[in-house]
Amino acid sequence: MALPDLHTTAGGWRRRGFLGLTAGAGAAALLGTAGCGAGGTGGGSGDDKTLTLACEGGGKTELQPIVDRFKQATGVTVTLVELPYEGLFNRLSSELSGNRPSFDVCAVDAVWIPLLAGKLAPLDELFTDAVKADLFPALVQEAQADGHFIGMPVWTNSEILFYRKDLFDDPKEKAAFERKYGYPLAPPTTWQQFTDTAVFFTRPEQKLYGTDVKGAVETEWLAHVLQAGSPGVVLDDDGGVIVDNAQHLAALTFYADLNNKHKVAPAGAAQTDWNAAQNLFNQGQTAMTRFWAHAYRQIPADAKVAGKVGAAPMVGGTAGVAGIHGPWYLSAPKGGAKADLAKQFIKAAYDNNALSVETTLGLAARKSAYQQYATKPGYESFGPLLATLNASATRPRPASPHWQRIVDGVLVPTIQKALTPDADYAALLRAARTQIEGIVK
């Protein structure tokens, strides 16, 4: 997700990863310090009382309670070295390629796993049947490369549905909706219900729209692709390009028509990103938003919608509910000097995964961690998040080293072109297929 800070989104923010914005010049500057450790000298030291963990900024928030607990239990000090998103990727890639890592453990965005495969240590012994049973299926699938588990999920996220309870619970609104559509007003569960509800609440004269449409990010459209029943998004399991199949077309038609045909989104949909959509909702200008679940607990107290927000699972298409999850993993460099201690910490991070729930970001990876909090006040988004992550149609993004290039060069521009009058959705997807085939060949 593309975020300037933790008030935006922790689940779709890549190179702009799932926790931070593009690093730009700052990443380059930090990369220049990689050779001297930038605050950590892991990898080379032989002592058994220290570890260095390279992570993205938001990751430090999530990991600090686990680090503290690990030191209490073992006496081992884990130094968290923060880098911006791109700076972290550049450092991991550079140092792992040169076989001279300055870290013992690293936080890895899911989309990096195919790129770093072969350079990260196998963690197969940590993935017992009990461990796999407590992780969402998509996380287990995505943790593997070249026949080995090389990352332990540490947190994940998905878009769910946020809606304004003050509107949905208003007796006058409920009566008017049922008169118009013939069924009760409630958080929508299908595409048709979502469209009806968005149309109903679109009142430009009141500066109120039914929902947003995010043309500047691809994840939301891809979630709808899975809801339509596609066996994968953009690429199939064998790497074949399927971006122009019937399910991608159905999802793009639904998504773009919200803007082009039904006109239920504010102006500027083609440039709307996570930040803009979140601001629109918090300011009370949209009745619903599909957004990353962690944001429920981060609605500012002075927001117009504060205390008035409900949460529900992501809407569903013909295949039901589905989402694109946003996980990060903990990994260790292959052949690292502290391989055993690194694995001990990674296991401890799994064992103590629930500690991260009460951090500012408030995410976890284990089903049991979310279940532990789902019924507590203030964590009302966890039930919908669990339902979305557990949905049978929820899948990870393709395990392709070309993925980010596909996103930036093809998917986002295709969505933006679709959000124009008289756009030919099928033609756009055929053109996207040709472009993607040129990238992955």
Side-chain angles (χ1 to χ4, degrees), residues 1 9 11-12 138 157-163 187-199 210-236 241-265 269-270 272-274 277 286 288-293 312-326 384-385 387-398 403 406-407 410-419 423 425-426 428-429 432-433 436:
M1 326 165 182
T9 163
N157 204 356
S158 175
E159 282 185 89
I160 60 172
L161 178 69
F162 292 154
Y163 63 94
T189 60
T190 69
W191 287 0
Q192 186 58 56
Q193 291 172 2
F194 185 86
T195 301
D196 290 347
T197 307
V199 169
T211 191
D212 56 69
V213 174
K214 307 175 186 71
V217 293
E218 84 294 344
T219 316
E220 191 161 275
W221 168 52
L222 296 181
H224 295 316
V225 169
L226 295 176
Q227 294 161 19
S230 181
V233 293
V234 183
L235 306 175
D236 63 22
V241 181
I242 58 172
V243 74
D244 59 341
N245 70 11
Q247 293 85 4
H248 283 76
L249 179 57
L252 187 61
T253 300
F254 163 65
Y255 196 59
D257 275 0
L258 289 171
N259 180 73
N260 299 344
K261 178 180 178 181
H262 304 295
K263 303 186 186 305
V264 297
T272 298
D273 59 9
W274 299 114
T286 51
M288 300 181 291
T289 187
R290 292 149 290 180
F291 210 83
W292 301 93
M314 188 58 156
V315 295
T318 55
V321 169
I324 298 288
H325 68 162
L385 177 60
T388 303
L389 289 172
N390 269 324
S392 60
T394 292
R395 290 173 61 95
R397 292 156 292 174
W403 181 244
I406 292 171
V407 168
V410 184
L411 299 185
V412 171
T414 296
I415 298 168
Q416 293 176 324
K417 291 173 185 175
L419 298 177
Y425 305 148
L428 286 171
L429 292 179
R433 179 189 180 101
I436 295 168

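Annotation: ring-ring contact (aromatic ring centres under 6.0 Å, His included) contacts of Tyr425 (sequence neighbours excluded): none. Scanning for ring-ring contact (aromatic ring centres under 6.0 Å, His included) contacts around Tyr255 gives His224, with sequence neighbours left out. In terms of the side-chain contact (heavy atoms from CB on, under 4.5 Å) criterion, residue partners of Pro396 (sequence neighbours excluded) are, by chain and number, Ala138, Gln141, Glu142, His325. A search for side-chain contact (heavy atoms from CB on, under 4.5 Å) contacts involving Ala246 returns nothing, not counting sequence neighbours. Under the ring-ring contact (aromatic ring centres under 6.0 Å, His included) criterion, Tyr163 pairs with Phe168, not counting sequence neighbours.
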Show your reasoning for whether side chain to side chain contact (heavy atoms under 4.5 Å, CB included) applies to Lys261 and Thr195.
CA-CA 11 Å; Lys261 178 180 178 181; Thr195 301; over 6 Å; no
Which is it for Thr211 and Thr286 under the side chain to side chain contact (heavy atoms under 4.5 Å, CB included) test, yes or no, and what are the steps along the way?
CA-CA 5 Å; Thr211 191; Thr286 51; 5.6 Å; no
Should Ile436 and Leu411 be marked as a side chain to side chain contact (heavy atoms under 4.5 Å, CB included) after you check the CA-CA gap, both sets of side-chain angles, and the distance that decides it?
CA-CA 9 Å; Ile436 295 168; Leu411 299 185; 4.3 Å; yes
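In terms of heavy atoms, Ala265 sits closest to Asn259 at CB-OD1, 4.3 Å. Considering every non-hydrogen atom in both Ala228 and Ala319, the closest pair reads C-CB, 4.2 Å. Considering every non-hydrogen atom in both Leu235 and Pro398, the closest pair reads CD1-CB, 3.9 Å. Of all non-hydrogen atoms in Pro188 and Val315, the two that sit nearest each other are O-CG1, 3.7 Å.
Within the 3.5 Å criterion, the main-chain N or O of Ala293 finds a donor-acceptor partner in the side chain of Asn157. Without hydrogens or angle criteria, Lys214 side chain to Arg290 main chain gives a donor-acceptor distance under 3.5 Å. Checking side-chain atoms of Gln227 against main-chain N and O of Ala322 turns up a donor-acceptor pair under 3.5 Å. The backbone N or O of Pro313 sits nowhere less than 3.5 Å from a side-chain atom of Thr388 that would complete a donor-acceptor pair. Side-chain atoms of Thr394 come within 3.5 Å of backbone atoms of Gly323 as a donor-acceptor pair (strictly under, hydrogens ignored). The backbone N or O of Asn260 lies less than 3.5 Å from a partner atom in the side chain of Lys263, making a donor-acceptor pair. In terms of modelled atom types and a separation under 3.5 Å, the side chain of Thr414 and the main chain of Leu428 share no donor-acceptor contact. Thr289 places no side-chain N or O within 3.5 Å of a backbone atom of Phe162 that could act as its donor or acceptor partner.
With rounding to the nearest 0.5 Å, the separation of CG in Leu161 from CE in Met288 is 6.5 Å. In this structure, Leu389 CG and Ile160 CD1 are separated by 9.5 Å, a value rounded to the nearest 0.5 Å. With values rounded to the nearest 0.5 angstrom, Ile242 atom CD1 is found 11.5 Å from Leu429 atom CG. Taking CH2 of Trp403 as the start and CD of Glu218 as the end, the distance is 6.5 Å to the nearest 0.5 Å.
Residues Asp212 and Phe291 form no side-chain contact, since every pair of their non-hydrogen atoms from C-beta on lies 4.5 Å or further apart. Side-chain contact between Arg397 and Ile324 is present, with at least one heavy-atom pair separated by less than 4.5 Å.
Inspection of the Gln193 and Thr189 side chains reveals an N or O donor paired with an N or O acceptor under 3.5 Å.
Every pair passing side chain to side chain donor-acceptor pair (under 3.5 Å) that includes a residue from residues 242-253 is listed here, sequence neighbours excluded: Ser230-Asn245, Asp244-Arg433, Asn245-Gln247, Asn245-His248.
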